[in-house]
Each structure stands twice: as structure tokens, then as C-alpha cells.
Amino acid sequence: MRQSKLFVPTLKESPADAEIASHRLLVRAGFLRKVASGIYELLPLGARVVRKIEGIVREEMNAAGAQEVVLPIMQPRELWEESGRWEKYGPEMMRLKDRAERDFGLGPTAEEVITDLVRTNASSWRDLPINLYQIGDKFRDEVRPRFGLLRGREFLMKDGYSFDRDEEGMRRSYQAMYDAYGRVFTRCGCSWRAVEADTGIIGGDVSHEFMAPAEVGEDDIAWCEDCDYAANVTLAAYRRAEPPWGEGRAPEKVHTPEQRTIAEVSSFLGMEPERFIKCLMFLVEDEPVAVLVPGDREAGEIKLERVLGTGEFRLFGEEDWERFPEYLQGFVGPVGLRASRIIADEALRGAGGMACGANERDYHLTGVDEGRDFTVSFFEDVTLARDGDACPRCGGAMRVEAGIEVGQVFQLGLKYSEPMRCLYDDENGESRPMVMGTYGIGITRVMAAVIEQHHDERGMIWPLAIAPAHLHVLPLNYERENRRAAAEKLYESCLERGLEALLDDREESAGVKFADADLIGIPYRAVIGKGYDEDGSVELQVRETGEKTRMSAEALLDLLAERLGR
RNA sequence: CGGGGUGUAGCGCAGCUUGGUUAGCGCGCAUGCUUUGGGAGCAUGAGGUCGGCGGUUCAAAUCCGCCCACCCCGACCA
């Protein structure tokens, strides 16, 4: 590639609408432009990176026994009715009508289409397992597109689907994909961590997310320093410490005028927040449910959803407090409380000497013991783990850090094959539903995640495997014949040896060339300048470390070939 | 969806509070000359329905109303 001919509009200043590094740098370096909120164009260099990531994904998928297909983006309503997701997906799915007013959705994933494909073309146990994948645009009308490529409304995703005869086969397929995913991210230069995850709208029982640790990540992940336990904090378990003990004293009513929040009451009474019982009121399927958690803990919505068995609930709002005046906002407590259910976090089992609302305006109780002064319907894990909590498996210290979800794998089971009647005949001629798995990688998101993990104040720093080119050839004073000739020769040699090079053949000042090269972030750089005039050497610069070494052009090519494993 | 904010040249911004000539600045772009190991200098020049529609006014980028777009903060996901 010759830079003078390449369409790379670099920018000196950061675009006003880009907040995070990957977005800002992709735009500044001329890889990416925005068309509308959450919808982007990839320019030549951006497209090259994406194609490289795709290449790695293809290699690993094929090696793991999956086969590539191309599925439609525009999908008929009828298929989505069958799975029940036409309703369930809601406004998140982009919808349109054809000229005959028939409904279509733009695929956010392709379980329906692929299940239809397989059920109509595979019917025997001899056909299984089947593992198919595609790489294509996906559409999700996100509530809030954000952070450039990290959360777009149209994005590139690799989605794959496995069909097996039984659970065991599905677990094998799942494991093969899980292992392949790890290799994909490692090869892309993306550091990652696989964590237990919620299954959300895709459904199914077991799921792992592949997280790329990064400060801008929208998820928090909890992981153990001592063992391999790791989970999304939305469902991470943790080992509870011994609850506080009471001193056998009877509960005492204390006057706490206008002290409603835990923070207010705890400083008013001079008691630690963890000695409080926070009593949260939820409206669950139109019934009030009390949830008790330690005063210093947060209830987790996903955990609650699992415990309650429904997603149809909300924390009491203004209108709910008015509708149920027996609950006094700010003074609700478990003692004498009437609710359809009282659910307590495990941490409160056997807790004593606690403080809580007295269910009387401007009063709280102290010296409250669980079991003696109140009882609960059941104890559950409903609070969120946080940094420093004890690992549920080994008791070691857990860390919580932010991550970008770059992939997720699901054991679906019969979630789609049963309603969509994706069946096969087993060896005995009995009809059985196929057992499915589904697997996704956000290709464009991987690109952004890698930048979040690899950049500095001057620009991006690409891992060799997905860099838009291997070598950036920078002749300074390109108009000087000797340097121009040397640069051309080096560039041609790269082409001959199968190395990808970008030649900066522009008659720009050295400063401009260096600045653009830093921004674009090609891992290796060959500077042809003063040193060449002196002894015919070129200077190899490593983008990541800033290391500079003078050597002959031949030596540089050999070194590069070696780094590429060729 | 709720809350906050921004729309002025390709990009980044000023001007708006307190309406009043040809709407400015920097970068970028074009042409010429001089420059060239870290975003060069001088000169000349092109480029704008001031997000849109409506209103107030002798007069609107500026005041008012409605709409649209985009960004940020909270509940969801590759």
C-alpha cells in the first residue's frame, strides 16, 4: 500500500463526539467514520483489521469442526413467531415491511433461521452433530448506542450454532467452541477472562462470557486470585462472613427523626452500616415483596430475577409507596412486617444485634435478632459480590474489575429445537429434539477492545496478527533520490516476501509522517533517513516499546519474517 | 425511557447573555516560493441554507415555540 494513494484521512484533533480511546483513535487515524448514532463506516485500514480478525476466527472455527454458511439478515416474522421472540425481543429488533406488507426483522442473531435450516435438512442421528457459523452484520436497536464500536446498532458478529443428539454431545460442542474462543482472542492479542454469565434473552442454562479487561468495559467481573472461579458480578457468588452477634438484649425503639437512608441513620446512631438490615420493597407481579440485605450491600437484579422466578418486578416507586401506605418509606423493617414474601440475603442468617426500621414514622429498632424478633420466608443469595469478598469455591480473595464482553457461549438445550420442532430420529427410530448451543463473537467489538488494551497517548499499537500492515516504511525527505530508491526497494522486497508494508511515499515533513505513523500504530517501522545516508542502514522502530535499532534492510526483513513465524 | 448537554465551513471552536454592516478564529484544503529526524514559514485563495420549520421584530446565528439530530449519566447486550 502506498500511503499517497490510500484513503486514510487522519485528524489532528479528536472528534467532539468520541469519548473513549478506541473510538477517538479509530476516527483520528482514519479507520472509522460515523454515519448515524451507532452506525459506522470502516475505511480501508479499519476494514483490513476487521478482515484479519475474521481470518483468525475462520481458522479457529474451521479447525474446531464448524462450517461457514451465509445466512440472511432480513428474516421473516413467521420464524420469529415460532420461537416466541417476535414478541419477546421487543423494540430491540429492527423491523420492516415489504411491498406486500409482510413483516421482517433484521437479525440480531440467527437461531430461528439456522434452526429452520437444520430441521428441514437433517433428520437422522447420522446427520449429527452439526456445527455452523457465519460472520455477518447484526442489528440491534440499542436503547443507547455508545462508545463507538463498543455498542453499535449495526455491528459485525460471528455467530455459530451447534446441533447435537444429546446433552453430552452438546457439552462437547460447547467445550470445543469455548476452547476455540480462547485461542481466537489470544491470537488477536486480546487479553481475556472467561466468566460464568447470565443467559438473558438468548436463553438456555449454562453460559460463559469472554471478557476483555478494560476500564471502559460496561460489565464488572469478579474473579478469584487463588482458583479459577470467575463470574459476571450480576451473578457472582461469594462466601458470607460470620454475621454480627447480638448481646441477648431485647429490641429497643429509638427516635430517629427524618433519618431515612442507611447513611443517615448509621451516622445518627453511630453504628456501622453493616449492622443494619436494609429492607427493600419490591413490587413483584403486583404484590409487595420485602428483600432484606445488610446495610452496606446492594441487591442484584439478575440474582433477584432468578430467586423470584420472574423478570416482572421493580423497586417500589413513588406510586407504590402511596398505594401501600402500611409501608413507611425510610422506616420499613422486618419486625412485624406483613408482606407476601420476605426474602433475606444469606448474610443475615442468624444475625443479631442489628438495627432496622421500626415500621413507625421516625423510629428505628436496635438489638434485633433474626429468628427471635423476625423470621423470613427463605434465605437466598441476592446481594452483589464486591472487591475483596471471599471466593465461594476456595475462600480466597476475589477481585472485581471492568471488562468488555467480546464473546459469549450458551448451552441452549431444547430452548429453540422444541418449540420450532427441530427433530431427528434416533437409532431406534424415535423422534427427539436436537440439543443446541449458540456462540457469538463481536468482531468489531474485538477491534475496539484490542485498542482499549493497546494504545498510548500518541495512538494505537496493533498486535502483529491483526495489524493493518506488518511494516510501515517511512522515508524522510522522500524527494531525495537515494532515500526514495531505498524505500521503494525495501517496499518491493516486502511484497516479494509476502510481508505487508505501508509505504509513506508522501512528500510530507518528518513530523507529519511520525505523527501519522504513531497514530496508525503499525507494529514495526523502518525509517530511512540520515542513517541511510551515512552507512546505508535503516532504523527499525518498534511501536510498542519505542525501541530503535539500525540495521541493513536485509536484516530487517529477516527479523520481521521471523517474528511472523515465516 | 428518564435526567443533563450540544448543534455555526471537512474537523475543533468563538460569537448568542444585552438582536443591528461584508459571521470570525485555528486546523485542514487549493496555488506559489522557501522548508523537511517529531504535526514548518510567508503570501494568495476557495469553502457557511448559523440543525429544520414557524413566530416576534424595521431587523434574528442571537429572543420565543415546535420538531430533528448527536453526545454524556442511569436500567439491557456481541
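Just so we're on the same page: letters track the sequence lines, and every chain starts at 1.
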Task: Whole-Å gap separating C1' (B:A75) and CD (A:Glu298) - done: 14 Å
Open item on the list: Does A:Gly152 reach a base, just sugar-phosphate, or nothing at all? Heavy atoms under 4.0 Å.
Closed with: base
Task: Interatomic distance, A:Phe313 CZ vs B:A75 P [rounded to whole Å] - done: 13 Å
Listing time: all N or O pairs from protein to nucleotides 1-4 of chain B that are below 3.5 Å?
none

- [ ] Give the rounded distance in Å between these two atoms: CG of A:Leu315 and P of B:G74.
- [x] 17 Å
- [ ] In whole angstrom, give me the gap between the P atoms of B:G48 and B:G65.
- [x] 31 Å
Write out a two-atom table: protein N or O, nucleotide N or O from nucleotides 28-36 of chain B, distance below 3.5 Å.
unit_1	atom_1	unit_2	atom_2	d
B:G28	OP1	A:Lys12	NZ	3.3
B:U36	O2'	A:Asn477	OD1	3.0
B:U36	O2'	A:Asn477	ND2	2.2
B:U36	O2	A:Glu508	O	3.4

Open item on the list: Taking B:U62 as the reference, what is the distance to B:A23 when you measure between their P atoms (whole Å, please)?
Closed with: 14 Å
TODO: For nucleotides B:C11 and B:U35, find the distance between their C1' atoms and express it as a whole number of Å.
DONE: 26 Å
Open item on the list: So does A:Ala110 get a backbone contact from the side chain of A:Tyr161, meaning a donor-acceptor N/O pair under 3.5 Å?
Closed with: yes
TODO: For A:Glu209 and B:C77, give me the distance from atom CD to atom C1', rounded to whole Å.
DONE: 9 Å
TODO: Please state how far atom CD in A:Glu218 lies from atom P in B:G74, giving the value in whole angstrom units.
DONE: 9 Å
Task: Touch class at under 4.0 angstrom, heavy-atom based, for A:Tyr181 against every strand present - done: nothing
Task: Residue pairs involving residues 39-48 of chain A (criterion side-chain hydrogen bond (donor to acceptor under 3.5 Å, both in side chains); sequence neighbours excluded) - done: A:Arg48-A:Glu500
TODO: Looking at every strand, decide which applies to A:Gly529 at a 4.0 Å heavy-atom threshold: base, sugar-phosphate, or nothing.
DONE: base
Open item on the list: Among residues at least two apart in sequence or on other chains, which ones pass salt bridge (charged side-chain N to carboxylate O under 4.0 Å, His left out) with A:Arg445?
Closed with: none
Task: Basic-acidic side-chain contact under 4.0 Å: A:Glu111, A:Lys415 - done: no
- [ ] Report the base-pairing partner of B:A43 (Watson-Crick or G-U wobble, both distances below 3.5 angstrom), or none.
- [x] B:U31
Task: Separation of the C1' atoms in B:A75 and B:G28, to the nearest angstrom - done: 42 Å
Open item on the list: Salt bridge or not between A:Lys138 and A:Asp159? Use side-chain N to carboxylate O under 4.0 Å.
Closed with: yes
TODO: Please evaluate the base of B:G12 for a donor-acceptor partner in the side chain of A:Arg24 within a cut-off of under 3.5 Å?
DONE: no
Task: Whole angstrom value for the distance that separates C1' of B:G38 from CD1 of A:Ile528 - done: 18 Å
Show me the side-chain donor-acceptor pairs of residues 4-16 of chain A shorter than 3.5 Å, one per line, residues at least two apart or across chains.
unit_1	atom_1	unit_2	atom_2	d
A:Ser4	OG	A:Asp505	OD1	3.0
A:Ser4	OG	A:Asp505	OD2	2.8
A:Thr10	OG1	A:Asp516	OD1	3.1

Task: Spacing between A:Glu301 atom CD and B:G74 atom P, to the nearest angstrom - done: 14 Å
Open item on the list: Taking B:G24 as the reference, what is the distance to B:C67 when you measure between their P atoms (whole Å, please)?
Closed with: 34 Å
- [ ] Under 4.0 Å between any heavy atoms, over every strand shown, what does A:Pro108 touch: base, sugar-phosphate, or nothing? Just pick one.
- [x] nothing
TODO: Measure from the side-chain N and O atoms of A:Arg140 to the backbone N and O of A:Pro108, and report whether any donor-acceptor pair falls under 3.5 Å.
DONE: yes
- [ ] To the nearest 0.5 angstrom, please state how far the CE atom of A:Met460 sits from the CD1 atom of A:Ile520.
- [x] 7.5 Å
- [ ] For A:Glu405 and B:C77, give me the distance from atom CD to atom C1', rounded to whole Å.
- [x] 6 Å
Open item on the list: Tell me every residue that passes salt bridge (charged side-chain N to carboxylate O under 4.0 Å, His left out) with A:Lys513, counting only those two or more places apart in sequence or in another chain.
Closed with: none
Show the atom names and distances, to 0.1 Å, of all donor-acceptor pairs under 3.5 Å that link a side chain in residues 141-153 of chain A to residues at least two apart or in another chain.
unit_1	atom_1	unit_2	atom_2	d
A:Asp141	OD1	A:Arg153	NH1	3.4
A:Glu142	OE1	A:Arg151	NH1	2.8
A:Glu142	OE2	A:Arg151	NH1	3.4
A:Arg146	NE	A:Glu218	OE1	3.3
A:Arg146	NH2	A:Glu218	OE1	3.3
A:Arg151	NE	A:Glu218	OE2	3.1
A:Arg151	NH2	A:Glu218	OE2	3.2
A:Arg153	NE	A:Ser37	O	2.8
A:Arg153	NH2	A:Ser37	O	3.0

Task: Between B:C58 and B:G12 - C1' atom distance, rounded Å - done: 37 Å
Open item on the list: With the criterion set at under 5.5 Å between ring centres and under 30 degrees between planes, would B:G39 be stacked on A:Phe514?
Closed with: no
TODO: Any strand is fair game: report the nucleotide pairing with B:C58 by Watson-Crick or G-U wobble, both distances under 3.5 Å, or none.
DONE: B:G20
Open item on the list: Distance check, C1' atoms only: B:U8 and B:G15, in whole angstrom units.
Closed with: 9 Å
Open item on the list: Just to be sure I understand the geometry, which residues of residues 442-452 of chain A put a non-hydrogen atom under 4.0 Å away from RNA chain B?
Closed with: A:Gly442, A:Arg445
Open item on the list: Just so I know, are the side chains of A:Tyr524 and A:His470 near enough to count as touching, which here means a heavy-atom distance under 4.5 Å?
Closed with: no
TODO: Check every strand shown and say whether A:Arg33 touches a base, only sugar-phosphate, or nothing at a heavy-atom separation below 4.0 Å.
DONE: nothing
TODO: Identify the residue among A:Tyr439, A:Tyr133, A:Tyr174 that makes a side chain to side chain donor-acceptor pair (under 3.5 Å) with A:Ser162.
DONE: A:Tyr439
TODO: Can you run down the salt bridge (charged side-chain N to carboxylate O under 4.0 Å, His left out) pairs that involve residues 522-534 of chain A, sequence neighbours left out, and say none if there aren't any?
DONE: A:Arg480-A:Asp533, A:Arg483-A:Asp533, A:Asp518-A:Arg525, A:Glu534-A:Arg550
Open item on the list: Counting only Watson-Crick pairs (N1-N3 plus N6-O4 or O6-N4) and G-U wobbles (N1-O2, O6-N3), all under 3.5 Å, who is the partner of B:C1?
Closed with: B:G74
Open item on the list: Using a heavy-atom cut-off of 4.0 Å across all strands, would you classify A:Asp159 as base, sugar-phosphate, or nothing?
Closed with: nothing
- [ ] In plain terms, say whether A:Arg58 and A:Glu54 are close enough for a salt bridge, that is, a side-chain N and a carboxylate O under 4.0 Å apart.
- [x] yes
Open item on the list: Less than 4.0 angstrom from a charged side-chain N to a carboxylate O is my criterion; do A:Arg386 and A:Asp296 meet it?
Closed with: yes
- [ ] Under the salt bridge (charged side-chain N to carboxylate O under 4.0 Å, His left out) rule, collect the residues that match up with A:Asp456, sequence neighbours excluded.
- [x] A:Arg543
Taking only N/O atoms, report every protein-nucleotides 67-70 of chain B pair under 3.5 Å with atom names and distance.
unit_1	atom_1	unit_2	atom_2	d
B:C70	OP1	A:Ser37	N	2.9
B:C70	O3'	A:Lys34	NZ	3.0

Open item on the list: Taking the P atom in each of B:C64 and B:G5, what is the distance between them to the nearest angstrom?
Closed with: 15 Å
- [ ] Please list residues of residues 530-547 of chain A whose heavy atoms come under 4.0 Å from any atom in RNA chain B, ordered by number; otherwise none.
- [x] A:Lys530, A:Gly531, A:Glu539, A:Gln541
Open item on the list: Using only atom types and a distance under 3.5 Å, with no angle test, would you say the side chain of A:Gln453 pairs donor to acceptor with the backbone of A:Pro213?
Closed with: yes
